Each structure stands twice: as C-alpha cells, then as structure tokens.
Amino acid sequence: MSACVPARADSARTKHVHPPHSPPPGGPRRFRIAGADVSAAIAVFLIALPLSLGIALATGAPLQAGLVAAAVGGIVAGRIGGCPLQVSGPAAGLTVVTADLIQQYGWRTTCAITVLAGIAQLGLGCLRVARSALAVSPAIVHGMLAGIGVTIAVAQLHIVLGGTPQSSVPDNLVALPAQLANLHPADVAVSVLTLTLLLLWPRLPGRAGEILGKLPAALIAVAGATAVAALTGLRLPKVDLPSWSSHALASLPEGPVLGLVAAVLTTTLVCSVQSLLGAVAVDKLVSARPVLTGRVKRSDLDRELLGQGAANIVSGSLGGLPIAGVAVRSSANVAAGAVSRNSTMLHGVLVVIAALLMVPALELIPLASLAALVMAVGLKMVSLNHIRTVTRHREVLVYAVTTCGVVFLGVLEGVALGIAVAVGVALHRLTRTRITHDDTEGVHHVHVRGQLTFLAVPRLSRILHQVPQGADAVVELDGSFMDHAAYETLQDWQKTHTAHGGSVDITGRRPGTRISEPAEVDGCRCRPWTPWRNHQCERPPKGPASGTDRQTTTARTPGGSPGTTTGPNARGATGTSGASPASGATDEPPAHELARGISAFHRNTGPLMRRELARLAREGQQPSQLFLTCADSRVVTSMITSSGPGDLFVVRNVGNFVPLPGEESGDDSVGAAIEYAVDVLKVRSITVCGHSGCGAMQALLGADPGGARTPLQRWLRHGVPSLERAPADLDTGGEDRARPRLAGGAPADAAERLCLANVVQQLEHLRAHESVARALDAGDLELHGMYFHVGEAQSYLLSEDADGGVFQLVRETNPTA
C-alpha cells in the first residue's frame, strides 16, 4: 500500500476534520430579516394594497389582477431585480396601455401580451442594453407620464361622479357635461371625503400630527371613506372580489399579428423605461442616506430588466397586471428605512396574505373611493417641477407634443411623436449657429453662439474676414461641439491673422477646443487649475529680443482647452494671471497681481458665469448647506465639494470654532451666521470641516490657557473643550470619552488627533444654539463632521453610527455607473 494512502481507520477518523488553515464549518445559516426591513415592508404594503385595487379598477381588469401583480412584483422582481430597494407592481403609468389592451383584445389575451413583454424584457436584459433606454429625452418621459396622468384623471372623474368612463379622453370630455348633470351624491360624497383625507392627513399639526403622519395617507383616505360609507349605510358600488377558483388566467393571444406585436412593444417600452428611470431615482434616494453607504449596492440596470421580465412572465401567467417599478412605493420604502431587498419581498408576502384572508374587509371599499385615489395619483403625474425643468432647458415643445400625443392618440403614438419632435429640435439647434462681430475700443469681438459644424463654416469664414489685418481680435466660443471643418477654418484664419501682426484671443466654454499647443512663458505652462497653485503667468517683457511688441501667451478655457493669446486685449488680460513670489518670476506689488487675476476672471470665467450669476441676483441665494471651516488658504471649499455659486453658505474662521451661545469673549458673528442660515435661508445641513496641518490646532497645543492677552489668544480659548476631549497624551488626562479617529489607522500626531476631536466638539457646540436645536427637533436639519487631508487631497466624513466617531474615507464613485 502506498504511503500516501491512509489506512481505513484513519480515513474514518479524519473524515469530518476540516482542512487546515480553514475555519471550522458553521451550522446552517439562519435567514434573518432586519427590523428596519419589516417596518418598511408594512409601510409599503399599506400603500400598495389600495393602489393596486385602484389601478386594477382603472384598467377594467379583474380586481384580483392588481393584487396578483403587487405580490409578484414584490416577491419575484424584488428577489431577482438589480435595484434592491425598488418596489415593483401595478403602476399608474401602465393604466392607459393596459386599459386599451383589455378593450381591444380581452383580459386573457392581455395576460398573454404581458407574458410576451416579459420575455422581451429578458431578451433586452441579456443583450445588456438597459443603459440605452436612459438615452430617451427626459422631456419625452415626463410628457408620456403627464399624458397618462391626464388620461387617468379624466377617466376616473366619471367614476367619482358616479358614472362609467368612456374609451378615450375625447369621448370622456364629450360625455362630461351629461355626467355632471346626473350626479350621484353618495359617490361624490365618498370621493370628496377620500380626497380631503388624502390632502390633509400629511399636514396634521402638532405632535399628534407627527405621530399620525407616519401612517400612509392613501390607506387612511380609503379606510376613512370605507368606514363612513359603512356606518352611514350609503348604497354605492363596492369592491367585488370573485372567488379565486374563477380567476381568469392567460390564454394564447388572439388578434392581428401586427397589432399584437405593437402591443407587446408598447408594454415592453413603458414597463422598461419606467422601471429603469425608477431605479436611477432610487439610487439618488439611497445616496442621500449615509447609513446605506456601502450597504446597498448601486443598481444593476441589466439585472433590473431581467427581474422585471421574470415578474411580468409570472404575473401574466397567473392573471395579473403588467408590472413596473413604482416611484411612490419605492420612495416610501427608502424613507421607511429599508436596508435590503427583504423589505420588498416581505411586502409581496403581506399582499398574498391580505388577498387570501382579508377579502371580506376589502369588499367593503367603495369604488368611488378607489377612483378618487387613482385620480389623485394621475394628477400628481403632471408635475409642475417637470414643466419648469423642461421649460428651463427649452424642451417644452417636446414635452407638450408628447403629452398631447399620449392623450389624444395613445402611448406608443405619443412617444413616437415626441421622439420625432426631439430629433427635429436637436437638428435645429445643431444647424442654428449665431455668429456676430462688433468693434469695442479697437478690439474686434467675434461671438459664436451654438454648435460649430460644417454648415456654419461659410458664415464663420465671412465674419472672420471682416476683422482688419493687424487688429486685436477676441473669438468667444459659446457651444459644446466643433467639427473638423470648423476647427480647420478657425485655425487657418488664426495663423494667417497672427502672421500679419494681429492678435487672437480664443475663449469660451467649449471643452477640448485645442487651437494650438500651450506656449511656455518664462518657464511657465498655464493649466486650468493654476489659480489653485498660487501661481500666475507674467506678461513677457517687451524688448528687442522679442522681435515685436506683441508677445504670445496662452489662455485656457475653464474646461481645460488652451487658446493662443497674442498680446493684450482691450480689458488688459494677458493670460490667466501672475506668478507667485515663490517662483521668483515677478516682484510687482500684490495689487497688480490682484488686478490681473480679476482681469482674467472678466475674460475667461465671467462670460460663462454671467447668466447664472444674473439668475442668482434675481432669485436670491438659496443654499442647501452651511459649511463652517477654517480660514486656512489651502482649504478651497468650492473645489473639495464640487460646488458653485449659490450652493454653499460658507463661514470661515481660525480653527473652525463654533463659540457656545453666551460664551465669555465669544463671537456673535458666528452665531449670527448660524441663525441666519438656519432660520432665514432654511439650509438642510451644516458641515463642520477640519483639515490636516491646521495652524490653529498647533497654536492651541502650545497655548497658555491663562495668558489670553491678544485677540488670537482670546479666540483660541474656544478650543479648550477640544483639548479636554483629545489630550496630547493618550495615556494621561482627559475625560473618559471615546476619541474620534480616522478609519483604517490612528491619528498621525497630536495635532491631527486634536483636529478630529475639535470637529466633534464643535458639532456639540452647534447643538447648543437655539435655532439649530429647534431645526434638529423638527427633522429639518442634519449635522455633518468632515476632515480634509490637505497632503492626500482626500476627504473623510464622520460616521454617525460608529463607536467613538470614525471619520470614513469618501470613496470615488463613477457617475455613469
């Protein structure tokens, strides 16, 4: 027997021994559901139950079909889908499509179309084309939803008034006067009560309103109307749930092939686009909750299509409505604190239990109450915020055409019409380029507004040749595209003009417009971020060595594109700015450096920001955050937060201190800024930001607490509580508190330890301010701690749920993922 083969007894003895270097095998894994998922599932279930019945009523499908779709959407799409917190089910956006299918082909064929649409979604998911669906213009999507909302509201209005809706919006509008003349008081009363509760329930005042407001308004509205109708003995149509034994299932599709193909494509399109856009919206909601960072993965859109397809196959096979991601239920799921897909699946299980055990209670619900609920949902789909957005982006025509097309022609026809108009608008913008020329104080300005394509080359060439030879010229490009023909025309003219002694300054917002390579001036190469390097480009000295009085420097557009600047322009700008004293390139007074920097702003950045700043001047500031940080010149708040004008209300002082209210030798300027930001500007968050290498922390470590004689020494007394929180020696002194730290390692030195403790301490001081405490109690404000490591250019956010206060590194994310 080979020595490598163990004896039988040894084999038996070592049979259950786990391999070396491996953990011992554990017992069977127990399935656990977080308490937050359970509470979120209940909240979503209470919203989904009345809405599912209402949507089934609006489509003309059996009412059980809504419950089937809600259960399947929760369990199947929730388990397979790529967006863990998105809740799927019967959606209001599918109401018009489904109602039209039922009217044309009957319920059983509609179920078969749902199955085929699910198969099509599976195919799209396997082809990994989910991202391409997001290429549809938002104006088309919003217009489609608005058109569907109008169609729903007009149809349900007839049921609210006690009648029966017609097959189309024009027919419903024509029949509306007769319906108004023949009102049913009981139906109208129940509908008005439902709408009143739906509107007022979230606005209940006081402490009781905060507690009761946690119950879904949709559930309260339907339950209240049902209770009133039952207690008063009103006679009106109510929910009728037939026995599940007679529930209709899918059958083989019957009808013209082309019509069925169009129906499948329409259902697939609406289901897919709504679900994918919903998944993107849920990602935004999740990113706004720091507690979910790293716990809930970003949506996998291709997997989401697979999950939606599987759910539609199951729902259609079981006689359910088509399924898509639902914004109302998804946002409620995130707001209720869900942390995993278990909440979505559990909500589906609760719908199954309700459908089997709560039939007697469901059959008490008046149809008018459900119709009023669905009508309110339809009206909300016509969003004023969406209308303002498309108007601001000059796409209101696309929105209006899509909406009207959906209302009067149908969903597929309206979307196709909207796409055609969107393409036409895009082509019109591409070919519509305005090129003007004017002479200001001897400098010729050529303004290009729009996209520079070969179609604009004749006009561009004609305008450029109006600039006299040897003159100073400024070409301002205000567009986002330049093709090769326009590029060569501009470059050839520039070379010819400069060869005849003229100067050319090319500026604008076009990123990537490279007219020539950046020139070096006294060993300096300008870059888009040179102002942040405390570095400016000096104008070359004039003299015989230069050969001409006009010297060539380089200017870059804010997007990073270099353009050649030959000589001074009318505003005196000579490049992006001057040189730092450290470079030894210039000894001119600081006032001259300041003037050159301002001149560079007027030339390069001012024209790009003027429209936005003018809007802010008209509308006033509406910042979302108060950012309190140190006065250190290396901390550039707009850079590290990627913010712009109007985004941050910034307070800076030595050491980012927040003096306690009423503190001796305090500073009312900080308290006044906090009060103004919270009470007047209504900021939603306050961030206290410390940074590495803070001079205030170094001074605080060596300060004499009793020697506050100068203004700086008196100011540093506000940091004494931070010293007590983080003593210089970890082994001695200090209070028995958990000390804040950076994730992944201990503080580098005593100064960094003090800086971290100072951020936490100033957050405590913030809570002592009356305006902050009041906003925190009302849930209108959040406090955040932040640490910026200057040398590593990395930011850390204070984790609220970690012991001792851990500053977690903010990871890079791919915005296109």
Side-chain angles (χ1 to χ4, degrees), residues 42-71 89-90 92 95 152-153 155-165 183-204 209 211-244 321 328-329 332 347 350-380:
I42 295 174
V44 176
F45 160 72
L46 296 177
I47 296 174
L49 191 64
L51 281 177
S52 300
L53 292 172
I55 292 172
L57 173 68
T59 61
L63 295 184
Q64 292 105 321
L67 300 177
V68 170
T95 302
I152 292 172
Q156 296 308 297
L157 180 59
H158 283 269
I159 301 179
V160 166
L161 299 176
T164 303
L183 293 176
H184 290 70
D187 295 89
V188 173
V190 168
S191 300
V192 170
L193 177 60
T194 302
L195 294 174
T196 302
L197 289 174
L198 197 63
L199 179 66
L200 299 181
W201 188 259
R203 295 172 173 80
L204 292 177
I211 298 174
L212 296 176
K214 296 180 180 179
L215 294 174
L219 175 70
I220 296 300
V222 174
T226 301
V228 170
L231 294 175
T232 57
L234 293 178
R235 295 185 177 181
L236 67 171
K238 298 180 181 180
V239 168
D240 182 17
L241 292 174
S243 171
W244 285 101
L321 291 171
V328 175
R329 279 166 254 183
H347 125 269
L350 293 176
V351 172
V352 173
I353 295 174
L356 297 177
L357 303 181
M358 294 178 59
V359 172
L362 296 177
E363 289 184 337
L364 296 176
I365 300 175
L367 295 182
S369 178
L370 293 178
L373 175 64
V374 177
M375 185 178 71
V377 173
L379 292 175
K380 287 183 178 180

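Here the structure is a predicted model, which means the values were calculated and not measured.
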For a quick test of your reading: what N or O donor-acceptor pairs under 3.5 Å do the side chains of residues 218-233 make, sequence neighbours left out?
unit_1, atom_1, unit_2, atom_2, d
T226, OG1, V222, O, 2.7
T232, OG1, V228, O, 2.6

With a 3.5 Å cut-off and sequence neighbours excluded, list the donor-acceptor pairs that the side chains of residues 47-59 form with protein atoms.
unit_1, atom_1, unit_2, atom_2, d
S52, OG, A48, O, 2.7
T59, OG1, I55, O, 3.4
T59, OG1, A56, O, 2.9
T59, OG1, A61, N, 3.3

Please list every donor-acceptor pair under 3.5 Å in which a side-chain atom of residues 351-376 meets a protein atom from a residue at least two apart or in another chain.
unit_1, atom_1, unit_2, atom_2, d
E363, OE2, L241, N, 3.3
S369, OG, T194, OG1, 2.9

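From H184, atom NE2 reaches atom OG of S191 across 12.0 Å, with rounding to the nearest 0.5 Å.
Residues V188 and L161 form a side-chain contact, since some pair of their non-hydrogen atoms from C-beta on lies under 4.5 Å apart.
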| message | Would D240 and L63 count as a side chain to side chain contact (heavy atoms under 4.5 Å, CB included) here? Give the steps. | response | CA-CA 8 Å; D240 182 17; L63 295 184; 5.6 Å; no
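Between A153 and L379 the shortest heavy-atom distance is CB-CD2, 3.7 Å. When all heavy atoms of P90 and L321 are compared, the closest pair comes out as CB-CD1, 3.9 Å.
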